[in-house]
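Down below is the structure, laid out as structure tokens.
Each chain gets a letter, A, B and so on, in the order the sequences are listed, and its residues count up from 1. Any value given below was found using the heavy atoms of this structure, including those in side chains, with hydrogens, waters and symmetry copies removed.
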Number of protein chains: 2
Amino acid sequence: MTVWDRPAPPSRPVPLDRERIVAAAIALADEGGLEAVSLRKVAARLDAGPMRLYGYISTKDELFDLMVDEVQAEILPDGQPGDWREALRVLAHRTRQAALRHEWLADLLGGRPALGPNGFAVAEATLAALDGLADVDTVMRAVETVSAYVTGAIRREIANLRAERATGLSEREWQRANGPHVTRMLATGRFPALAKAVYDGTDVDAESSFATGLEWVLDAVAAKLTRPPA
Amino acid sequence: MTVWDRPAPPSRPVPLDRERIVAAAIALADEGGLEAVSLRKVAARLDAGPMRLYGYISTKDELFDLMVDEVQAEILPDGQPGDWREALRVLAHRTRQAALRHEWLADLLGGRPALGPNGFAVAEATLAALDGLADVDTVMRAVETVSAYVTGAIRREIANLRAERATGLSEREWQRANGPHVTRMLATGRFPALAKAVYDGTDVDAESSFATGLEWVLDAVAAKLTRPPA
DNA sequence: GTCTCATTCGATACACTGTATTGCTGCGTT
DNA sequence: AACGCAGCAATACAGTGTATCGAATGAGAC
């Protein structure tokens, strides 16, 4: 008996099943971030007392797991995949889009093993794309590498996005003009390569940055798939 | 005036500067995880009232930033780097080792831009390794790609490590034998590729898994560096 | 129709959190 | 010697996750 299959006890006043609880939590998180999700507020949104939730959920972390799994349903592509590369690409971009829709996902991504049905489905889709193209271990390594990149890239993108929002300025402009502390540090001359990157670098948009890095990683995977395992 | 340079006000009863505060917080986090870090406990460890900390730190998130920056000092290599590839490899492995020493780092990695002096130093070391090997934008993309992989891989590794510890079993054995929920899900036949990976996959240790994925990503980067920008 | 029992809900309670505010205390200066 | 002020501690507040428990409300048995 684990998180994902718990008998839904009936109730009269308002049906209130796990789906409704998770939906309310997601709505709260979408509006105010993860820290805006409290059991009290979730319950209040469902016209229930806080303790009522514990009939359906046994801890707040479990609620977070359920939220992640729910959002992972959005990641699964609609149509059937093309070749393996296209399949992985689509999965990666859909993950990113889900994180942009639900920024709190970035805080949770990779933080815990995704053991829900939709998490499994995403893992299945990823593995299935590479099935048969190499031995099991190589495929596994490929999946892990790609998803590590995806997780890390999304996390950084959301982090930067928040920082920009907090200062009201674009990351680049902020480093270049304002951000007195950063400017001063760069001016010390102790970070010449960094300074060059900041001042001479082109300001590319996040999506194409994500896409470029992803293609690089996919290139690397492609090279290992054609060749037999080391 | 930002987080990283604040005049240290003197005090009599016990010196108590920011370094001591950060050290105490890190000690607490090493022992009991991030959630064990509360301003009250940090202060208690320094024989001070909770409010005393606010003379040196303006919010708890700032304390977290300082903790991350402090640990990033451990990442910087001692000697001078070899070629770019060796340099990036060492930085990646040292980051991973730091995260294994301080597991809470995984929770914070990539969650916020690293703007502290040591964070800058790590960024500088990374960029310096690739300096001149390609145009600035390509170098930037390379750095972002590698560090996205590193962040994501470390995060997953720590997450799995915790899950193993929680169940007392190795991830693989757990999926294979115990973990009734997982076993049942796999038994549904809805996840054939996943089932194959779980049952037929070799159980490789985390370090070589990390290393292998890293080498793949470095291969990808190498291919882009020799070739001029797209 | 009435009684009983079990279940489920809500209220209360507890230990704790981050932080604002307030007043004291002891030092340095005039 | 008196004063002012900086820095610290105590108090306070709003909020958190969750355990416990009393009451009510439902169904089932006679």
> Within this structure, what is the CD-to-P distance between A/E62 and D/dG17, rounded to whole angstrom?
Replying inline: 14 Å
> Of all the nucleotides listed (C/dG10, C/dT19, C/dC9), which has the minimum atom distance to the side chain of A/M51?
Replying inline: C/dG10
> How long is the span from the CG atom in A/L109 to the CZ atom in A/R96, to the nearest 0.5 Å?
Replying inline: 13.0 Å
>> Just the rounded figure in Å: distance from P of C/dT17 to CG of A/L39.
In response: 18 Å
>> salt bridge (Lys or Arg N to Asp or Glu O under 4.0 Å) for B/E70 and B/R18? Distances and angles first, verdict last.
In response: CA-CA 11 Å; B/E70 179 66 29; B/R18 304 173 97 216; over 6 Å; no
> When all nucleic acid strands are considered with a 4.0 Å heavy-atom cut-off, which category describes A/V37: base, sugar-phosphate, or nothing?
Replying inline: sugar-phosphate
> Ignoring hydrogens and angles, does a donor from either the side chain of B/R40 or the base of C/dG18 sit under 3.5 Å from an acceptor on the other?
Replying inline: yes
> Rounded to the nearest 0.5 Å, how far apart are CD of B/Q72 and CZ of B/R94?
Replying inline: 13.0 Å
>> Under 4.0 Å from OP1 or OP2 of C/dT19: is there any side-chain N or O of B/T59 that close?
In response: yes
>> From NZ of B/K60 over to P of C/dC16, roughly how many Å is that when rounded to an integer?
In response: 14 Å
> To the nearest Å, how far apart are B/E35 CD and D/dG17 P?
Replying inline: 13 Å
>> salt bridge (Lys or Arg N to Asp or Glu O under 4.0 Å) for A/R165 and A/E103? Distances and angles first, verdict last.
In response: CA-CA 13 Å; A/R165 222 178 348 236; A/E103 287 183 18; 2.5 Å; yes
> In whole Å, what is the span from the OH atom of A/Y54 to the C1' atom of D/dC21?
Replying inline: 16 Å
> Roughly, in whole Å, what's the span from CZ in B/R52 to P in C/dA20?
Replying inline: 19 Å
> Whole-Å distance between D/dT18 P and A/L63 CG?
Replying inline: 10 Å
>> Of the listed nucleotides (C/dT19, D/dT16, C/dT17), which one gets closest to any side-chain atom of B/P50?
In response: C/dT19
>> Nearest whole Å is fine: how far is D/dG7 P from B/D17 CG?
In response: 15 Å
